[in-house]
Amino acid sequence: MTDTFTKDIVDGLTAKDKHLPSKYFYDDNGSRIFQEIMNMPEYYPTNAEFEILSMQSKQIIEALKFSRPFNIVELGAGDGFKTFKLLEYLVNNEVDFHYVPIDISQEAIDILTRRLKEKLPALKIDPKVGDYFEILKDNRQSDYPSLLLFLGGNIGNYLEHKAKELLALFHKNMKRGDKLLIGFDLKKNPIIIHNAYYDKHGITKRFNLNLLVRINRTLDADFKIDDFDFYCHYSPITGDVKSYIVSLRKQTVHLKAIDKYIHFDYDELIWTELSKKYALEEINDLAEHAKFKVEHNFLDCKHYFTDSLWQK
Ligand code: AVI
């Protein structure tokens, strides 16, 4: 048993309280299901952040106070849908900058590059595939100031100590004066949050159960998907949305590739994801802890989401 995926899955499924890392949701099928989630009317973060980036591009760019040229480095660019409005604003205003989208998926980067070249032929784009930090280290050599984008509220999927570690790494790999624009989903009426995750269409359920399908394929396992269900719960006090897979029977699953048996009790849970919602003060505390200064919170009109601008 050598690879990290196998180790993470086995560690999680043999722990006293079973858990699986949400980063493994995103195989090709999982990424497609996530697109469906983002298109659901109940999943408000996509629209909220889209509104911020389309209505406040001018204010965001002015707040940078960067000399020209500069770089915009996007971590986990994906399909680049949200960022398009910001890039369009800059290109239309003939601002001198380079866009450096980074993603782990070659396919996502190819699609994004092709689309942007078509829609914004004047854009200077320098796409990169691979690990954020290796690429950030290179970017540190650049003489130009950089704006780092970490959008979509992805920070909410990290446990507190992991979020702190990630922000410290960003800080370490930035130059003095560089800025970070980071998306946070905010605490709000709990019913709105509940409906975005415990959706009536069952798409988020499919998103979670797809992880079992992935384990079946990758580790030649025999999870019977219909014998598992999905549950999630929002705690308005902590701001945590926690998602679980529920075993509907007492059952045993065989991971044939590594000849390992996993036993499940009736109603036993596998914790799959944290999607934390923040208060603005908590965002401030996180920034200060990582030695950033919060310069501005760009909010949507309903105050559901913020793209928070931080300076190193
Ligand atoms: C990617 N991430 C910010 C999403 C979230 O809201 O936590 C993933 C997701 N999980 C269920 N719905 C969406």
Asks: Do the ring centers of F5 and Y24 come within less than 6.0 Å of each other?
Replies: yes

Asks: Using side chain to side chain contact (heavy atoms under 4.5 Å, CB included), reason through V246 and D267 one step at a time and then give a plain yes or no.
Replies: CA-CA 6 Å; V246 187; D267 284 343; 4.3 Å; yes

Asks: Evaluate K277 against L186 for side chain to side chain contact (heavy atoms under 4.5 Å, CB included), listing each step before the verdict.
Replies: CA-CA 5 Å; K277 312 303 165 200; L186 297 173; over 6 Å; no

Asks: What pair of heavy atoms forms the shortest contact from L269 to K18, and how long is it?
Replies: O-CB, 3.6 Å

Asks: Just so I know, are the side chains of I61 and L90 near enough to count as touching, which here means a heavy-atom distance under 4.5 Å?
Replies: yes

Asks: Within the 4.5 Å heavy-atom criterion, are S275 and D185 side-chain neighbours or not?
Replies: no

Asks: Between the side chains of R206 and E36, is the shortest nitrogen-to-carboxylate-oxygen separation below 4.0 Å, so that they form an ion pair?
Replies: yes

Asks: I'd like to know if the side chain of H201 pairs up with that of E42 as donor and acceptor (distance under 3.5 Å, no hydrogens or angles considered).
Replies: yes

Asks: Quick one: are T272 and S243 in side-chain contact, heavy atoms under 4.5 Å?
Replies: yes

Asks: Determine, step by step, whether R249 and D227 satisfy the salt bridge (Lys or Arg N to Asp or Glu O under 4.0 Å) criterion, reporting the C-alpha distance in whole Å, the side-chain angles of both residues, the deciding distance to 0.1 Å, and the verdict.
Replies: CA-CA 7 Å; R249 300 200 297 131; D227 285 345; 3.1 Å; yes

Asks: So, for I109 and P101, which heavy atoms are closest and what is the spacing to 0.1 Å?
Replies: CD1-O, 3.6 Å

Asks: Looking at W310, does the NZ or CZ of K179 lie under 6.0 angstrom from its six-membered ring centre and within 45 degrees of the ring axis?
Replies: no

Asks: Taking it one step at a time, do E160 and K164 satisfy salt bridge (Lys or Arg N to Asp or Glu O under 4.0 Å)?
Replies: CA-CA 6 Å; E160 189 182 340; K164 286 181 171 162; 2.9 Å; yes

Asks: For this output row, return yes or no: ring centroids of F207 and F25 closer than 6.0 angstrom.
Replies: yes

Asks: Closest approach of S146 and K175, non-hydrogen atoms and distance?
Replies: OG-NZ, 3.9 Å

Asks: Using the ring of Y99 (Phe, Tyr or Trp, six-membered ring only), decide whether K124 places NZ or CZ under 6.0 Å from its centre and within 45 degrees of its axis.
Replies: no

Asks: Do you know which two heavy atoms are closest between G183 and D307, and how far apart they sit?
Replies: CA-OD1, 3.2 Å

Asks: Find out whether the Lys NZ or Arg CZ of K276 is both under 6.0 angstrom from the six-membered ring centre of Y278 and within 45° of the ring's axis.
Replies: yes

Asks: Does a donor on one side chain sit under 3.5 Å from an acceptor on the other, for N157 and S22?
Replies: no

Asks: Determine whether the aromatic ring centres of residues F298 and H296 are separated by less than 6.0 angstrom.
Replies: yes

Asks: Can a donor-acceptor pair be found between the side chains of D110 and T113 at a distance below 3.5 Å?
Replies: no

Asks: Output yes when a side-chain donor or acceptor of N39 lies under 3.5 Å from a complementary backbone atom of Q35, and no otherwise.
Replies: yes

Asks: State yes or no: are the ring centers of Y234 and H194 separated by less than 6.0 Å?
Replies: no

Asks: Counting N and O atoms only, with roles assigned by atom type, does the side chain of D300 sit under 3.5 Å from a partner on the main chain of K302, one being a donor and the other an acceptor?
Replies: yes

Asks: Quick check, are the ring centers of F184 and F305 under 6.0 angstrom apart?
Replies: no

Asks: Take F228 and L248, measure what side chain to side chain contact (heavy atoms under 4.5 Å, CB included) needs, and give me the verdict at the end.
Replies: CA-CA 5 Å; F228 292 86; L248 295 175; 5.7 Å; no

Asks: Please determine whether a side-chain nitrogen of the Lys or Arg among E118 and R115 lies less than 4.0 Å from a carboxylate oxygen of the Asp or Glu.
Replies: no

Asks: Got a donor-acceptor contact below 3.5 angstrom from the K188 side chain to the Y304 backbone?
Replies: yes

Asks: Can you tell me which residue among L299, N297, L286 is in a side-chain contact (heavy atoms from CB on, under 4.5 Å) with S308?
Replies: N297

Asks: Does any non-hydrogen side-chain atom of V73 lie less than 4.5 Å from one of L147?
Replies: no

Asks: Which heavy atom in H171 sits nearest to a heavy atom in A290, and how many Å separate them?
Replies: CD2-O, 3.2 Å

Asks: Can you tell if the side chain of M38 reaches within under 4.5 Å of the side chain of M40, non-hydrogen atoms only?
Replies: no

Asks: Measuring only between side-chain heavy atoms, which start at C-beta, is D178 closer than 4.5 Å to L148?
Replies: no

Asks: Does a side-chain heavy-atom distance below 4.5 Å link D96 with F70?
Replies: no

Asks: Would a 4.5 Å heavy-atom cut-off, applied to side chains only, mark L75 and N154 as touching?
Replies: no

Asks: Of all heavy-atom pairs between V294 and A287, which one has the smallest distance, and what is that distance?
Replies: CG2-CB, 3.5 Å

Asks: Counting only N and O atoms by type, is there a donor-acceptor contact under 3.5 Å from the side chain of N284 to the main-chain atoms of L280?
Replies: no

Asks: Between D27, D28, D222, which is the residue that forms a salt bridge (Lys or Arg N to Asp or Glu O under 4.0 Å) with R217?
Replies: D27

Asks: Report the C-alpha separation of E282 and K187 in whole Å, then their side-chain angles, then the decisive distance to 0.1 Å, and conclude whether the salt bridge (Lys or Arg N to Asp or Glu O under 4.0 Å) test is met.
Replies: CA-CA 11 Å; E282 292 173 287; K187 287 180 172 163; 3.3 Å; yes

Asks: Would you please test K119 and E88 for salt bridge (Lys or Arg N to Asp or Glu O under 4.0 Å) and show each step?
Replies: CA-CA 9 Å; K119 290 193 167 174; E88 186 185 46; over 6 Å; no

